[in-house]
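Working notes for the structure below.
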Protein chains: 2
Amino acid sequence: MQKLTSQRQAILNLINASNRHWDADEVARALVDTGASIGIATVYRGLSALESQGLIDSIQLADKKRYERAGKAHHDHMICTSCGRIEEFSHDTIESLQEAAAEKKGFKLTGHQLVMFGFCRKCTQELDA
Amino acid sequence: MQKLTSQRQAILNLINASNRHWDADEVARALVDTGASIGIATVYRGLSALESQGLIDSIQLADKKRYERAGKAHHDHMICTSCGRIEEFSHDTIESLQEAAAEKKGFKLTGHQLVMFGFCRKCTQELDA
DNA sequence: AAGATAATGATAACTGTTATCATTACATCC
DNA sequence: GGATGTAATGATAACAGTTATCATTATCTT
């Protein structure tokens, strides 16, 4: 049985309280900043426990995993490679086309990840200027 | 100026000669098996040099990068989480819907990566049996 | 309160990858 | 064809993110 300890509660609260996409280090830092005492290993364990309980979601980026609060509608991510900004978007048609493509190959889909890279509006303007 | 040394030539030949998706370690192992002498650092450098010259392509998976031969039409990947099999697929409509979605957010797209996870036909049958 | 189970925290270990640096191969110009 | 500059090599150290270890502590039953 999983236990919802005070450390995990703190992680969950932190993530629930924002729209950010947190990595493990940021979570640890933020909690320590609020005066809490939590080890980095506990953060990692807490994050994956919370995810497996469905209490938070994650995206796996090239270098690290980032966590966000759960309960949002399914969405994918668009990442600005200049400033790191992460935008969310969803597109039902894309989703169902994916399903169809998988089926055609005989794949039983369990998940997918679509990440788009580019320059956000702000960075595009700055680069043009 | 980049040089196409014998080591890089060997890497390129290896990758060109198959449809596999190779990670750095597999490349090193395969070359050493053929009697070649190549250091792992050289493999890493060779792979990224070849990629930046457009001679090979790559996909970034959660844990590692995998390389495949270039010159194929653009495609995305479907990975069987049971046996590791990687299937390729492409879908023009999905591509253009992605473009449209990016534009709506003001993003100037430079790339994307769509990876789908699931069970391939063979593994699905085995699991059902 | 006792006993069982799970979480914690410090740290070692591990994986994939990049950096360092002395040595070697390559190309080019005279 | 030998000197010279440039880039690649290979062994290994270093690095980032993450997981494993293990003794200690907290938590949940009953």
Side-chain angles (χ1 to χ4, degrees), chain A residues 1-15 20-68 79 81 84 86 113 115, chain B residues 1-15 20-53 55-68 77 79 81 84 86 113 115:
Chain A
M1 257 306 352
Q2 299 262 59
K3 292 177 183 171
L4 189 53
T5 61
S6 64
Q7 288 91 335
R8 294 190 180 172
Q9 190 64 253
I11 295 173
L12 185 55
N13 288 343
L14 181 69
I15 291 177
R20 291 187 45 185
H21 299 77
W22 302 81
D23 66 31
D25 209 56
E26 288 166 352
V27 170
R29 230 178 271 279
L31 291 180
V32 168
D33 281 357
T34 68
S37 154
I38 189 168
I40 186 67
T42 302
V43 172
Y44 275 104
R45 275 180 304 227
L47 286 170
S48 59
L50 291 169
E51 181 180 20
S52 76
Q53 293 172 275
L55 299 175
I56 56 178
D57 287 338
S58 76
I59 31 168
Q60 171 71 53
L61 302 184
D63 52 340
K64 58 175 67 159
K65 214 166 177 183
R66 287 187 172 276
Y67 294 86
E68 60 182 321
I79 300 178
T81 50
I86 302 182
Q113 191 166 286
V115 184
Chain B
M1 257 305 357
Q2 298 262 61
K3 293 176 184 172
L4 189 53
T5 61
S6 66
Q7 287 91 338
R8 293 190 182 173
Q9 190 69 61
I11 296 174
L12 184 54
N13 288 343
L14 182 69
I15 292 178
R20 291 186 45 184
H21 300 76
W22 302 80
D23 67 32
D25 209 55
E26 288 166 351
V27 169
R29 230 177 269 279
L31 292 180
V32 169
D33 280 357
T34 69
S37 154
I38 190 167
I40 185 68
T42 301
V43 171
Y44 275 105
R45 275 180 305 226
L47 286 170
S48 59
L50 291 170
E51 182 180 19
S52 75
Q53 293 173 277
L55 298 175
I56 55 176
D57 287 339
S58 77
I59 32 167
Q60 171 71 55
L61 301 185
D63 52 341
K64 59 175 66 160
K65 215 167 175 180
R66 287 187 172 275
Y67 294 86
E68 60 182 321
H77 296 88
I79 299 178
T81 50
I86 303 183
Q113 190 164 285
V115 184

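Quantities reported herein were computed from a predicted structural model and do not represent experimental measurements. Protein chains get the first letters and strands the later ones, always in sequence-line order, with residue 1 at the start of each.
- Annotation for B:I38 and B:A28: closest pair CG2-O, 4.5 Å, computed over non-hydrogen atoms.
- When the side-chain contact (heavy atoms from CB on, under 4.5 Å) test is applied to B:D23, the partners found at least two apart in sequence or on another chain are B:D25, B:E26, B:K64, B:R66.
- The shortest non-hydrogen separation linking B:G46 to B:R8 is CA-NE, 3.8 Å.
- The nearest whole Å value for the distance from the CH2 atom in A:W22 to the P atom in D:dG17 is 16 Å.
- Scanning all heavy atoms of the two residues, the minimum distance from B:I40 to B:A24 falls at CD1-O, 4.2 Å.
- If you check every strand for non-hydrogen atoms under 4.0 Å, A:D23 touches nothing.
- Residues that satisfy the ring-ring contact (aromatic ring centres under 6.0 Å, His included) test with A:H21, not counting sequence neighbours, are A:H77.
- Nucleotide D:dT9 holds its C1' atom 15 Å from the CG atom of B:L50, rounded to whole Å.
- Each salt bridge (charged side-chain N to carboxylate O under 4.0 Å, His left out) pair with one or both residues in residues 33-42 of chain A, not counting sequence neighbours, would appear here, but there are none.
- Using a 4.0 Å heavy-atom distance criterion, B:D25 is classed as making no nucleic acid contact.
- Within the model, atoms CH2 of B:W22 and CG of B:L47 stand 11.0 Å from one another, a figure rounded to the nearest 0.5 Å.
- Remark: P of D:dG17 and CD of A:Q60 are 12 Å apart, rounded to the nearest angstrom.
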What protein N or O atoms touch nucleotides 24-26 of chain D N or O atoms at under 3.5 angstrom, if any, and at what distances?
none

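- Considering CG of B:L31 and CG of B:N13, their distance stands at 9.5 Å, rounded to 0.5 Å.
- In terms of the side-chain contact (heavy atoms from CB on, under 4.5 Å) criterion, residue partners of A:A62 (sequence neighbours excluded) are, by chain and number, B:Q60.
- Here C:dT8 presents its P atom at 11 Å from CG of A:L47, a figure rounded to the nearest Å.
- By the 4.5 Å heavy-atom criterion applied to side chains, B:L14 and B:T34 are not counted as neighbours.
- A:K64 has its NZ atom 16 Å from the P atom of C:dT17, to the nearest Å.
- With sequence neighbours left out, A:L55 forms a side-chain contact (heavy atoms from CB on, under 4.5 Å) with A:L12, A:L50, A:Q53.
- Taking 4.0 angstrom as the limit, A:Y44 places a side-chain polar atom (N or O) nearer than this to OP1 or OP2 of D:dT18.
- Applying the side-chain hydrogen bond (donor to acceptor under 3.5 Å, both in side chains) test to pairs two or more places apart or on separate chains, those with a residue in residues 35-52 of chain B are B:E51-B:S58, B:E51-B:K65.
- Toward the 5' end of DNA chain C, the nearer of the two residues A:A49 and B:A24, judged by each one's closest nucleotide, is A:A49.
- For the contact set between residues 4-15 of chain B and DNA chain D, defined by any heavy atom under 4.0 Å, the members are B:T5, B:Q7, B:R8.
- Overall bending of the helix from C:dA1-D:dT30 to C:dC30-D:dG1, expressed as the angle between end axes built from five pairs apiece, is 30° (10° steps).
- Checking B:D57, B:I59, B:I15 one by one against B:Y67, the side-chain contact (heavy atoms from CB on, under 4.5 Å) holds for a single residue, B:I15.
- The stretch residues 34-43 of chain A touches DNA chain D through A:A41, each having a heavy atom under 4.0 angstrom from the strand.
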